[in-house]
Asker: 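Have a look at this one.
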Amino acid sequence: MAKRAKKKNRKIGSGVLTKLLILVLTAALGWQLYGLRAKMRSARAQQNRLSAQIAAKQEENDSLKDSIKKGGSKEEMEKIAREKLGLASPGEKIFYDTSN
């Protein structure tokens with residue numbers, strides 16, 4: 001009779017231990033899934049930001065392509081030469097304000 005009681009106690013102890021182990025593993029998996037969910041939200045937000053940047057750059061590129069296809073007028077070329085390249089027309093004098 002004593003042998004049966006010991007075997008029964010072992011079964012009960014191992015059953016509780018197994019359930020506890022399953023509970024711990026389930027909790028760990030749940031925590032991992034929660035962390036992955038937060039990473040997914042962050043990745044989606046970053047994807048949306050990058051998609052908006054791509055759309056803006058694509059629009060800018062299209063505008064520049066149209067500008068190139070049309071060619072520049074003489075006034076536009078002079079404006080670019082002055083503002084971006086710092087060039088001047090022959091005989092033109094440029095004064096810079098250095099008081100700032």
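All heavy atoms count here, side chains included; hydrogens, waters and symmetry mates do not.
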Asker: When rounded to the nearest 0.5 angstrom, what is the spacing between CG in L50 and CD in Q46?
Answerer: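 Going from the CG atom of L50 to the CD atom of Q46 covers 5.0 Å.
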Asker: If you round to the nearest 0.5 Å, how far is CG of N61 from NZ of K65?
Answerer: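 The CG atom of N61 is 6.0 Å from NZ of K65, to the nearest 0.5 Å.
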Asker: Salt bridge (charged side-chain N to carboxylate O under 4.0 Å, His left out) between E60 and K57: does it pass, once the steps are laid out?
Answerer: CA-CA 5 Å; E60 184 181 348; K57 290 296 179 183; 3.7 Å; yes
Asker: Write down the atom of L87, the atom of I94, and the distance for their closest heavy-atom approach.
Answerer: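 That would be O-CD1, 4.1 Å.
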Asker: Could you tell me whether a side-chain N or O of S51 sits under 3.5 Å from a main-chain N or O of Q47, the two making a donor and an acceptor?
Answerer: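 Between the backbone of Q47 and the side chain of S51 there is a qualifying donor-acceptor contact (under 3.5 Å).
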Asker: Please report the interatomic distance CG(L25) to CG(L21), rounded to the nearest 0.5 Å.
Answerer: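 L25 atom CG to L21 atom CG measures 4.5 Å (nearest 0.5 Å).
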Asker: Using the side chain to side chain contact (heavy atoms under 4.5 Å, CB included) definition, which of the options L20, T18, V24 pairs with I22?
Answerer: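 In the set L20, T18, V24, the residue that makes a side chain to side chain contact (heavy atoms under 4.5 Å, CB included) with I22 is T18.
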Asker: So, E92 side chain and S89 main chain: donor-acceptor pair closer than 3.5 Å or not?
Answerer: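 Indeed, once roles are kept as given, a pair shorter than 3.5 Å links the two residues.
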Asker: Step by step, would you call L33 with R37 a side chain to side chain contact (heavy atoms under 4.5 Å, CB included)?
Answerer: CA-CA 6 Å; L33 287 175; R37 190 173 173 197; over 6 Å; no
